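Structure first, commentary second.
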Amino acid sequence: MNNDILKTLYSEQDIADACQRLGAEIQAEYKDRVPVAIGVLRGAVFFMADVLRNADTYMETDFIDVSSYHGGLASSGTIDLVTDISTDISGREVLLIEDIVDTGRTLKYLIDLLKQRGASDVKVCTLLDKPSGRVVEATSDFVGFVVPNEFVVGYGLDYKEQYRNLPYVGVLKPEIYSTN
Ligand code: PRP
């Protein structure tokens with residue numbers, strides 16, 4: 001799997017440092033309150049586990065599974081709600097955990113959905129923010145790295161559902177796209 005990677009963008013150490021910084025920011029933000037942290041499947045699993053273990057504050061956790069890339073390179077433009085949360089978030093503060101914000105469509109869909117359901121506040125923590133990909137407005141409160149306009153994999157991010165278990169974030173060799 002490592003042989004398919006052209007270059008590393010964020011190393012394991014870079015990611016660990018970012019999780020520590022973001023965890024401290026989350027801890028400070030939610031001091032004395034109990035938010036519901038919602039991980040956006042499947043990409044956010046690795047990041048969520050690491051960042052939230054760096055936040056020494058009370059919270060609940062849940063997951064929501066939405067998909068728009070269907071394993072490919074480009075957003076399909078429509079968001080499918082695959083599996084919903086089971087927490088009643090009416091009147092609750094929500095912290096969405098994402099691996100990447102690209103077009104912004106997923107985030108906008110989720111924020112609208114959670115607010116419709118009565119969340120009193122929705123904040124966003126994302127490992128990666130790619131502002132150059134934006135199609136709809138979407139801003140995050142806690143950002144690990146601002147990424148260049150490249151298709152990235154690893155640490156939760158996939159190409160055709162693979163590479164999520166790489167411990168770092170990198171760019172695939174072009175031949176991987178052309179031959180698969
Ligand atoms: C990816 C990623 C984000 C979303 C960001 O999910 O995990 O949720 O796309 O892209 P956007 O800003 O253009 O909407 P994907 O639909 O690939 O599902 P996955 O997490 O299961 O890979």
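FYI, the numbering just counts along the sequence from 1. Here the structure is a predicted model, which means the values were calculated and not measured. Note: hydrogens, waters and symmetry copies are ignored here, and every other heavy atom, side chains too, is used. Start at 1 and go down the list; that is how both ligands and their atoms are numbered.
- The contact set between ligand 1 and Thr103, taken as ligand atoms under 4.0 Å from a residue heavy atom, comprises 11 (P), 12 (O), 13 (O), 14 (O).
- Side-chain N/O atoms of Thr87 and Asp62 include a donor and acceptor closer than 3.5 Å.
- Only backbone heavy atoms of Leu41 (N, CA, C or O) come within less than 4.0 Å of ligand 1; its side chain stays farther off.
- Between Asp84 and Arg117 there is a salt bridge, with a side-chain nitrogen of the basic residue lying less than 4.0 Å from a carboxylate oxygen of the acidic one.
- Remark: Asp121 engages Lys123 in a salt bridge, criterion side-chain N to carboxylate O under 4.0 Å.
- Considering both main-chain and side-chain atoms, Val40 never comes within under 3.5 Å of ligand 1 through any nitrogen or oxygen pair.
- In the candidate list Leu127, Asp129, Thr106, Leu107, Thr106 is nearest to atom 14 (O) of ligand 1, counting heavy atoms.
- For ligand 1 and Ser68, the ligand atoms under 4.0 Å from any heavy atom of the residue are 16 (O).
- For Arg164, a nitrogen or oxygen atom sits less than 3.5 Å from a nitrogen or oxygen atom of ligand 1, counting backbone and side chain alike.
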Q: Apply side chain to side chain contact (heavy atoms under 4.5 Å, CB included) to the pair Asp14 and Thr8, showing each step before the final yes or no.
A: CA-CA 11 Å; Asp14 294 336; Thr8 301; 6.0 Å; no

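- Judged purely by atom type and a 3.5 angstrom limit, Arg134 uses its side chain to pair as donor or acceptor with the backbone of Asp102.
- At under 3.5 Å, not a single nitrogen or oxygen of Glu161, backbone or side chain, sits near a nitrogen or oxygen of ligand 1.
- Of the possible polar contacts, none joining the Arg92 side chain to the Asp88 backbone as a donor-acceptor pair under 3.5 Å is found.
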